[in-house]
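A short worksheet on the structure shown next.
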Amino acid sequence: MLLVVRKVIASACGIDIHVKPGWDYSFFASPYHAHREFSAVDIYQSHDFGDAALSPVEGIVSGVKEYDSPTPGKETLPEYLTFVKKGEYVARMMHYKPSVNEGTNVGVGDRIGELITNGFFTYWTDPGIHLEIRSCGNLMRARGGIELKPVFSKKNDAPNETIHGVVTHSCPRNTTVELSKPAVCLVDGSQAVLDGNLMLDYAGMFGQFPRHGIVYFSGIQIGKVTRTGSYMTQFAAEGLTFHANGRELAGASFVSHGRIMKLLPKKYGATMYEPGEEVELLITKAATQLGL
Amino acid sequence: MKYTKGQVWLKIKGQTATIGLTSLGASLAKEIVHIDLPEDEEEFAAGKPIATYETIKSVNEITVPIGCKIVHVNEKLLDNPSTINTDCYGDGWIVRIELLDKEKENKELLDVKEAVKHYKKILDKEKERYAGIYD
């Protein structure tokens with residue numbers, strides 16, 4: 001029996017980005033700039049803030065910096081940037097309090113700090129590491145990430161007629177569902193695995209599809225292609241409503257190559273599902289989109 | 001003083017104005033690490049981005065709902081953009097502009113009462129956004 005210890009999910013400029021069993025990941029489930037430029041991935045390593053942050057890359061720590069995060073009306077919470085250098089490029093990571101210093105050698109899976117939350121998060125965001133690859137010159141600005149090359153198969157399952165699975169974890173932030181089949185949409189007759197949060201103004205999919213292509217998921221139009229990268233495509237998500245087992249949600253995210261779905265409650269704390277529960281997600285057009 | 005829905009303040013004197021980010025705008029943009037400023041004499045149509053600033057996560061534009069020409073930029077921000085976060089109404093001013101349209105006719109420029117009402121809604125939404133983060 002082959003034991004999978006880790007696998008590469010993306011790379012750029014000689015830096016491989018790994019995940020270990022039990023980690024989820026997404027390229028587009030975030031509203032921030034680097035994700036919209038196809039140059040970032042979020043790796044969710046735990047369900048609990050305060051747990052260990054483990055390195056998804058190998059290299060040498062070349063810097064650690066602390067910044068404020070936006071929390072209007074509340075005291076500021078810190079954010080940290082850690083840079084891990086390999087060759088002439090740097091993995092730029094955040095969302096954990098680093099326990100490593102400049103000069104430390106890190107290997108994949110090494111503990112590098114403690115997962116934190118702060119004002120860059122939304123109430124539904126899970127603990128995880130945000131990662132970009134940069135050249136050494138520009139490490140602070142939001143702009144400057146290098147496009148990531150994801151690892152994915154071009155052979156996809158048939159598109160979903162229904163979206164259903166089993167709850168594996170539930171907390172005030174969201175409910176995690178292991179899908180019975182990966183989330184596959186249709187774009188101009190071709191299949192693509194979904195990635196991203198359909199309650200944002202955009203989401204993405206693996207593969208290249210032309211601009212203005214219509215995106216269908218579970219039988220309804222959910223958006224139109226807006227940007228095509230070298231390996232992935234983004235679409236503008238149209239006004240949608242979400243219900244699972246008859247209960248209304250704020251939205252749903254699809255991560256880990258469409259195998260995992262996160263059900264997002266309308267408010268923090270509205271936990272609505274039990275581990276082991278079977279759920280079916282129903283996506284419909286919002287009344288405003290129907291001209292009502 | 002006038003304000004925009006995008007958290008920009010305008011201190012208007014005749015046909016010129018100094019502009020900057022409100023305290024809410026500055027706290028939503030913690031912490032600014034880079035700013036791109038326009039050139040003197042550059043002209044902008046209403047609603048077009050005059051300047052762009054970045055935090056470590058986000059890219060944001062400064063726009064005003066009135067046509068303008070750049071008179072002077074605060075070049076000190078190029079080396080210390082986070083001055084906008086620490087002193088948004090003082091040393092963190094961003095540009096001085098000549099107004100090319102009549103500001104009195106512009107309904108998108110808010111007075112302080114209208115601005116407070118609008119900004120309170122934004123603040124309430126922000127508090128919902130980070131609910132649970134301080135638990």
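Below, chains carry the letters A, B, ... as their sequence lines are ordered, and counting in each starts from 1.
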Residues B:Tyr130, A:Lys74; criterion side-chain contact (heavy atoms from CB on, under 4.5 Å); working and verdict: CA-CA 10 Å; B:Tyr130 57 72; A:Lys74 284 275 196 179; 3.5 Å; yes
Is it true that atom [atom1] of [X] has more than 12 heavy atoms of other residues, nucleotides or ligands lying nearer than 6.0 Å?
X: B:Lys5; atom1: NZ; answer: no
X: A:Tyr89; atom1: OH; answer: no
X: A:Lys86; atom1: NZ; answer: yes

Contact winner vs chain B - A:Glu79, A:Met94, A:Lys267, heavy-atom pairs under 4.5 Å: A:Met94
Is chain B contacted by the side chain of [X], its backbone, both, or neither, given a heavy-atom distance below 4.5 Å?
X: A:Thr122; result: both
X: A:Arg92; result: side chain
X: A:Leu81; result: side chain

State, to 0.1 Å, how close [X] and [Y] come at their nearest heavy-atom pair, and which atoms those are.
X: B:Ser58; Y: A:Tyr32; result: CB-CD2, 4.2 Å
X: A:Phe121; Y: B:Arg129; result: O-NH1, 2.6 Å
X: B:Val33; Y: A:Tyr67; result: CG1-CE2, 3.7 Å
X: A:Pro70; Y: B:Lys30; result: CD-O, 3.6 Å

Structural part of B:Leu28 lying under 4.5 Å from a heavy atom of chain A: both
Carboxylate-amine/guanidinium contact B:Glu54 A:Arg143, below 4.0 Å: yes
Distance (rounded to the nearest 0.5 Å) between B:Ile56 CD1 and A:Asp68 CG: 9.5 Å
Donor-acceptor pair, side chain of A:Arg141 and main chain of B:Lys57, under 3.5 angstrom: no
